[in-house]
Amino acid sequence: SKRFCVLNLKPLNEEQQFKAIEKQLNRMHDKAVLKWYSHLLEFSRIRLGHDRIYHEDAFPDPSERKRIEAFNTKNLFQGLANNSFDPSMQQRSFQSKYIIKETNLPIKSEYIKAVDKALYKGEFISKLHLPILPLLQENQSVELPGSVNEKFNIESIAERLDLLTKKMCKNDKAITASTLWNKISSCTDELYVV
């Protein structure tokens, strides 16, 4: 008859887990993956170190930690009387200029231009926000022009734009996918250029 042996293994501690993963990654011989993962491991180690400092050194008393974790802080982004977002809290550059703002200028970003062209091709954008989202028959994956050598799935972008338009329509019935896209591209174009 066959005999079975039941082993109860202790779980690996964090350091043992890191070493096991590093050994597996070293077998891949992909330097980019190794470098990326080593950075990820360092962040994880830093986080574990901060947790240890928080629990053991700074606040070893659980009741004190509970009191601190119960602090309520005011959301400074919603600082106005009607609890709406305070425009003065927008992110600014060193020159105190708003970083993200609606520009209403011609689009400069190659990425935004490519998405814009794909959305308006065959008036696809005007078909959004209908009961059934029409599928793209062509151009489902659009290659970006110029030095940006990646592809994006225009159908996925269109579906998200459609969903966002539907959500926004609850507050503003006049909004369309086209007007929303124009606002989004105007506000984010500068980010993609930079």
Tell me the closest heavy-atom pair linking F59 and R65, and the distance in Å. O-NH1, 2.7 Å
Could you state the interatomic distance from OG1 (T165) to CD1 (I175), rounded to the nearest 0.5 Å? 6.5 Å
Nearest-0.5 Å distance that lies between atom CZ in R47 and atom CD in E42: 13.0 Å
Between S109 and I112 the two heavy atoms that sit nearest each other are OG-N, 3.1 Å
Could you check whether any side-chain heavy atom of W181 comes within less than 4.5 Å of a side-chain heavy atom of V115, counting everything from C-beta outward? yes
Could E69 and K66 be called an ion pair, given the rule that one side-chain N must be under 4.0 Å from one carboxylate O? no
Rounded to the nearest 0.5 angstrom, the CG-CD1 distance for D51 and I46 is 12.0 Å
ILVMFWY network linking I184 to L163, side-chain heavy atoms under 4.5 angstrom: no
Heavy-atom closest contact (L161 atom, A177 atom, distance): CD2-O, 3.9 Å
Spacing of CG belonging to L12 relative to CD belonging to Q17, to within rounding of 0.5 Å: 6.0 Å
Give the cluster check for I107 versus Y120: same hydrophobic cluster or not, with ILVMFWY residues linked at side-chain heavy-atom distances below 4.5 Å. yes
So, taking the atom named CG in L164 and the one named CG in L180, what distance separates them when rounded to the nearest 0.5 Å? 5.0 Å
Do NZ/NE/NH1/NH2 and the carboxylate oxygens of K166 and D162 come within less than 4.0 Å? yes
What's the separation between atom NE2 in H50 and atom CZ in R52, rounded to the nearest 0.5 Å? 10.0 Å
Checking the side chain of E56 only, and the main-chain atoms of I53 only, is there a donor and an acceptor separated by less than 3.5 Å? no
Do the non-hydrogen side-chain atoms of K113 and K108 ever get within less than 4.5 Å of each other? no
Audit row: R160, S156, side chain to side chain donor-acceptor pair (under 3.5 Å) steps and yes/no: CA-CA 6 Å; R160 286 182 274 154; S156 172; 3.1 Å; yes
